[in-house]
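Within every chain, numbering begins at 1; the chains are lettered A, B, ... in the order of the sequence lines, protein sequences first and strands thereafter. Because the structure is predicted, anything quoted here is derived from the model rather than measured.
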There are 2 protein chains.
Amino acid sequence: MTATNGTPAAGDASGTSARHEASTADTVAAVVRQWRAVHPGLDTGPMEVIGRINRCAALLQQAEDAPLRRAGLSRPEFDLLGALRRTGHELTPGELARETFSSGAAVTKRIKQLTGRGLVERRGDTRDRRVAHVRLTDAGRELVDGVLPEQLAYETAVLSVLAPSGRADLAGLLAELLGRLEGTMGALRAGG
Amino acid sequence: MTATNGTPAAGDASGTSARHEASTADTVAAVVRQWRAVHPGLDTGPMEVIGRINRCAALLQQAEDAPLRRAGLSRPEFDLLGALRRTGHELTPGELARETFSSGAAVTKRIKQLTGRGLVERRGDTRDRRVAHVRLTDAGRELVDGVLPEQLAYETAVLSVLAPSGRADLAGLLAELLGRLEGTMGALRAGG
DNA sequence: AGCATGTGTTTTATCTGTAAAACACATGGT
DNA sequence: ACCATGTGTTTTACAGATAAAACACATGCT
């Protein structure tokens, strides 16, 4: 254990240490401060949004795993079962892939897994024999219905660190960002 | 701070709230609507925040991969190199693991990879022969310094779908959430 | 009917991350 | 000095994801 580095910024020679977000001490703010010290010319603004979204997502997913794992489910598995539950009808593997934002191959594996555990069932389409239809078994539906309230309660507890108005504002801003993002995402493929 | 848009349906129990979010048609809103139809009693509020954070993170990471992959880097690799660059000094594998929020084993593999490509170098500690010290090579530093501006420009372009005030509000709210989350995360292990 | 083409799904090869064990070494007590 | 214990790092075994190819079948053209 080297005792030489007690303070985060090792070489803050110039007095350009901005004070904007000293009160909210999150890790991303510290990282941004470091970058600004090394590259004073760069606009680090986007980091404060994107870095925090990524970090929040990582922390929240880790937290969400807790109630899910008690039910023996991974998050992708729960997403698949949830898609079947909330749509209320059968879905094909392709539809499930689109609904859960994962690849077709991943969906195939998950269906195989979940079928083996008796949570979903498959049947072939009678018209088009390429396609399959996947539906929840009774056990699968009961599992989802049992886990979802726990999941939501847990999420509510996690988000209770924010005031209700803050939660609403955050949901609104994220909705705006996400809506525009999902609409625009094809426009900047090779841009820069 | 206050959202300047129409108030998003935070706790609307009656099912006639379809119009508010018709303008911001994001996928999460549709999913939440489906869940409310199936389970009218559940408070789906947290989904609108957490679901959107997860979805935004997925979309943004996919987008960020573009400029990174042109440099032949994955995001975890860039995070490792970036940690070395922004701290300005050598880091041990353990420090790198903490700094990049990944496991020690993953860091070991990445270091091996990046060492093979000549982007980082290792040396053993002379005092404590268990620990290693990792530093950027000149090529590694140049690669980071070349990629970072592209990365930030790309992120700026992606975030330009939001107004500057919206970006600031979002960054502030996420900072608050993240700061509290990072502080509290140990308190609700088995809670519900 | 026969064939080219497109679509839905699965398989294969490969890669990355993780948990748990193994390993290497320092440290402190005796 | 010796040993028990703790810490930093690496290895191992394995689960999971992906891209690309393979596969099965429908559809439309001739």
>> Side chain of Arg122(B), heavy atoms from C-beta onward: which of dC25(C), dT10(D), dT9(C) has the nearest atom to it?
In response: dT10(D)
>> Quick check for you: among dA17(D), dT10(D), dT10(C), whose closest atom lies nearest to any side-chain atom of Pro93(B)?
In response: dT10(D)
> Is Trp35(B) reachable from Leu178(A) through a run of hydrophobic residues whose side-chain heavy atoms are each under 4.5 Å from the next?
Replying inline: yes
> Taking DNA chain D as the partner, which of residues 94-111 of chain A come within under 4.0 angstrom of it by heavy atom?
Replying inline: Ser103(A), Ala105(A), Ala106(A), Lys109(A), Arg110(A)
>> Could you go through Thr27(B) and Glu182(A), starting from their C-alpha distance and side-chain angles, then the distance that decides it, and tell me whether this counts as side-chain hydrogen bond (donor to acceptor under 3.5 Å, both in side chains)?
In response: CA-CA 8 Å; Thr27(B) 48; Glu182(A) 287 175 335; 2.5 Å; yes
> Base, sugar-phosphate alone, or nothing: which one does Thr92(B) contact when heavy atoms must sit under 4.0 Å apart?
Replying inline: sugar-phosphate
>> Can you measure Gln61(A) atom CD to dG17(C) atom P for me and round it to whole angstrom units?
In response: 15 Å
> With distance as the sole test, does Arg180(B) use its side chain to make a donor-acceptor pair with the main-chain N or O of Val161(A) at under 3.5 Å?
Replying inline: yes
>> Output the rounded distance in Å from CZ (Arg130(A)) to C1' (dT9(C)).
In response: 9 Å
> Quick one: Arg69(B) CZ to dT16(C) C1', roughly how many Å, whole number?
Replying inline: 12 Å
>> Rounded to whole Å, please give me the gap between CG in Asp79(A) and P in dA17(D).
In response: 11 Å
> Closest to the Lys112(A) side chain: dT11(C), dT9(D), dC25(C)?
Replying inline: dT11(C)
> Within this structure, what is the CD-to-C1' distance between Gln62(B) and dA19(D), rounded to whole angstrom?
Replying inline: 14 Å
>> Minimum heavy-atom separation for Leu91(A) and Glu95(A), please, with both atom names.
In response: CA-OE1, 3.3 Å
> Rounded to whole angstroms, how far apart are CD on Glu90(A) and P on dT9(C)?
Replying inline: 12 Å
> Do Leu68(A) and Val144(A) belong to the same hydrophobic cluster, where Ile, Leu, Val, Met, Phe, Trp and Tyr are linked whenever their side-chain heavy atoms lie under 4.5 Å apart, directly or via other members?
Replying inline: yes
>> Taking the minimum atom-to-atom distance to the side chain of Arg129(A), which one of dC25(D), dT9(C), dT7(D) wins?
In response: dC25(D)
>> Within the 3.5 Å criterion, strictly below it, is a donor on Arg110(A) or Thr100(A) matched to an acceptor on the partner's side chain?
In response: no
> Between Leu73(B) (CG) and dC15(C) (C1'), how many Å, whole number?
Replying inline: 16 Å
> dC25(C) P sits how many Å from Asp128(B) CG, rounded?
Replying inline: 10 Å
> Taking 4.0 angstrom as the limit, do Asp125(A) and Arg127(A) come out as a salt bridge?
Replying inline: no
